[in-house]
Chemist: 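My questions all concern the structure below.
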Number of protein chains: 2
Amino acid sequence: MSEGSSGGGQRGETLLYLTDEQLRKGIEAMFFAYKGFTSDPDRILETRGYGRAHHRAIHFIGRAHGTTVNNLLAILGVTKQSLNRVLRTLIEDGLVESRVGTRDKRERHLFLTEEGETLERALSEVQQARMREAFRIAGPGAVAGFREVLEAMMDPEMRRRYQRLAETGQ
Amino acid sequence: MSEGSSGGGQRGETLLYLTDEQLRKGIEAMFFAYKGFTSDPDRILETRGYGRAHHRAIHFIGRAHGTTVNNLLAILGVTKQSLNRVLRTLIEDGLVESRVGTRDKRERHLFLTEEGETLERALSEVQQARMREAFRIAGPGAVAGFREVLEAMMDPEMRRRYQRLAETGQ
DNA sequence: CATTTTATGTCAGCCTTGTTGACATTGCCA
DNA sequence: TGGCAATGTCAACAAGGCTGACATAAAATG
């Protein structure tokens, strides 16, 4: 069962940071921090009648200009029906533009319009402000550790996507 | 890839770790990592017909035995109607027990039953396993940084709850 | 003691966002 | 030309948020 490190745990003083207690704290920290992480954008989105799904779409379209629907589906990890509903409203509202691919005409390439970029900036501004403050308080060493742990926590495929995005913007 | 990011952190120098690019990476890391963080428990919950809301309730009841409904509401940050729906099914299914308070008979104190504890262990086992592996890969220094940043990212009230939970179990 | 407040539960209805399944269109490619 | 890929769309459903309204019991207060 829960053969964690708490029961017999003395043997590795060096592994103190791997006790059940430490892991539990990590789990709860993720929960509470994620709440904070999403709260500021949520407030902005609410005034527009959008939700987190819209934010995610806007973020990754703004991040990888001209990305295809399929690529976005893979990044977000939702069904096309689910994404399409969100995408449709964003296009109708004039925040996103969908252009037929030139190389492959089956593909649609997605772009933020002027208005879409404005909203994107507003959203990332508040989210970045919170993260900037957290980074500033914690300091550069902590930030490096933060990212190392998060990266190690991702599913391998998501880690690849994350790294590819970070490096190439696609 | 954590490629060092912060280079120097000399004081007059750059604060390179606070660039928009670094912040964006942090934001995306949170997104992808949270996905991984919840994926293992989600798989278990699915087989039982439960969702994340059930997991959260089970986690915090298991964490703070005998907590009241009101306390749980504050921790989870949802409405009582929302929590009640989840709590009702957990009680009906015999995973949670609700006892009338002795000091204040208006209060209900919540406990996991034997079966509830079994599920709780199964859920936290897989979640802890992922976090243990991430912590092991990243190492103790990174873990400390990870928690510092997450803590700084919480809303103050949530930070207080988090710390209180971590210290007193209530 | 009467009144108000608190803690909880419940009904009803709405919204977002996820799901599955089915089907149509278009265009690439062998 | 036939098959597969990329996309869009319709329909139905579920989880889990939300609000509003109302009920009950018990504590707290004037």
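Sequence lines set the chain letters: A, B, ... in the order given, protein chains first and strands last, and positions in each chain run from 1.
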Chemist: Would you indicate which nucleotide in C:dA7, C:dG27, C:dT17 comes nearest to any side-chain atom of A:Asp104?
Modeler: C:dG27
Chemist: For the pair made of NZ in B:Lys105 and C1' in C:dT6, what is the distance, rounded to whole Å?
Modeler: 16 Å
Chemist: Within 45° of the axis and under 6.0 Å from the centre of the six-membered ring of B:Phe111, does NZ or CZ of B:Arg99 qualify?
Modeler: yes
Chemist: For B:Leu73 and C:dA7, give me the distance from atom CG to atom C1', rounded to whole Å.
Modeler: 10 Å
Chemist: Assign B:His109 to base, sugar-phosphate, or nothing according to its heavy-atom contacts below 4.0 angstrom with the strands shown.
Modeler: nothing
Chemist: For the pair made of CG in A:Leu72 and P in C:dG18, what is the distance, rounded to whole Å?
Modeler: 12 Å
Chemist: Name the residue closer to the 5' end of DNA chain C, choosing between A:Arg103 and A:Val78 according to the nucleotide with the nearest heavy atom.
Modeler: A:Val78
Chemist: Ignoring backbone atoms, test whether A:His54 places a side-chain nitrogen or oxygen under 4.0 Å from the OP1 or OP2 oxygen of C:dT17.
Modeler: yes
Chemist: Donor-acceptor pairs under 3.5 Å, side chain of residues 36-44 of chain B to any protein atom, not counting sequence neighbours: which ones?
Modeler:
unit_1  : atom_1 : unit_2   : atom_2 : d
B:Thr38 : OG1    : B:Tyr34  : O      : 3.1
B:Thr38 : OG1    : B:Lys35  : O      : 3.2
B:Thr38 : OG1    : B:Arg52  : NH2    : 3.1
B:Ser39 : OG     : B:Gly36  : O      : 2.8
B:Ser39 : OG     : B:Arg130 : NH2    : 3.1
B:Asp40 : OD1    : B:Arg43  : NH1    : 3.2
B:Asp40 : OD1    : B:Arg130 : NH2    : 3.3
B:Asp40 : OD2    : B:Arg130 : NE     : 2.8
B:Asp40 : OD2    : B:Arg130 : NH2    : 3.3
B:Asp42 : OD1    : B:Arg52  : NE     : 3.4
B:Asp42 : OD2    : B:Arg52  : NE     : 3.2
B:Asp42 : OD2    : B:Arg52  : NH2    : 2.9

Chemist: Quick one: closest heavy-atom pair of B:Val100 and B:Lys105, and the distance?
Modeler: CG1-O, 3.4 Å
Chemist: Taking CD from A:Glu46 and C1' from C:dC15, how many angstroms apart are they, rounded to a whole number?
Modeler: 12 Å
Chemist: Between A:Thr113 (side chain) and A:Gly94 (backbone), is there a donor-acceptor pair under 3.5 Å?
Modeler: yes
Chemist: Please give, in whole Å, the distance from C:dT8 P to B:Arg108 CZ?
Modeler: 8 Å
Chemist: So, the side chain of B:Ser82 versus the backbone of B:Val78: is there a donor-acceptor pair under 3.5 Å, distance only?
Modeler: no
Chemist: Does B:Arg108 use its side chain to pair, donor to acceptor, with the backbone of B:Gly101 at less than 3.5 Å?
Modeler: no
Chemist: With side chain to side chain donor-acceptor pair (under 3.5 Å) as the test, would you mind laying out the steps for A:His59 and A:Gln127 before giving the verdict?
Modeler: CA-CA 11 Å; A:His59 174 94; A:Gln127 198 158 42; 5.5 Å; no
Chemist: Closest approach of A:Leu165 and A:Arg63, non-hydrogen atoms and distance?
Modeler: O-NH2, 2.7 Å
Chemist: Verify, without hydrogens or angle tests, whether A:Asp93 (side chain) and A:Leu95 (backbone) share a donor-acceptor contact under 3.5 angstrom.
Modeler: no
Chemist: Going 5' to 3' along DNA chain D, between which two nucleotides do contacts with chain B fall, using a heavy-atom cut-off of 4.0 Å?
Modeler: D:dG16 to D:dA27
Chemist: Which residues in residues 80-95 of chain A have at least one heavy atom lying under 4.0 Å from any atom of DNA chain C?
Modeler: A:Gln81, A:Ser82, A:Arg85
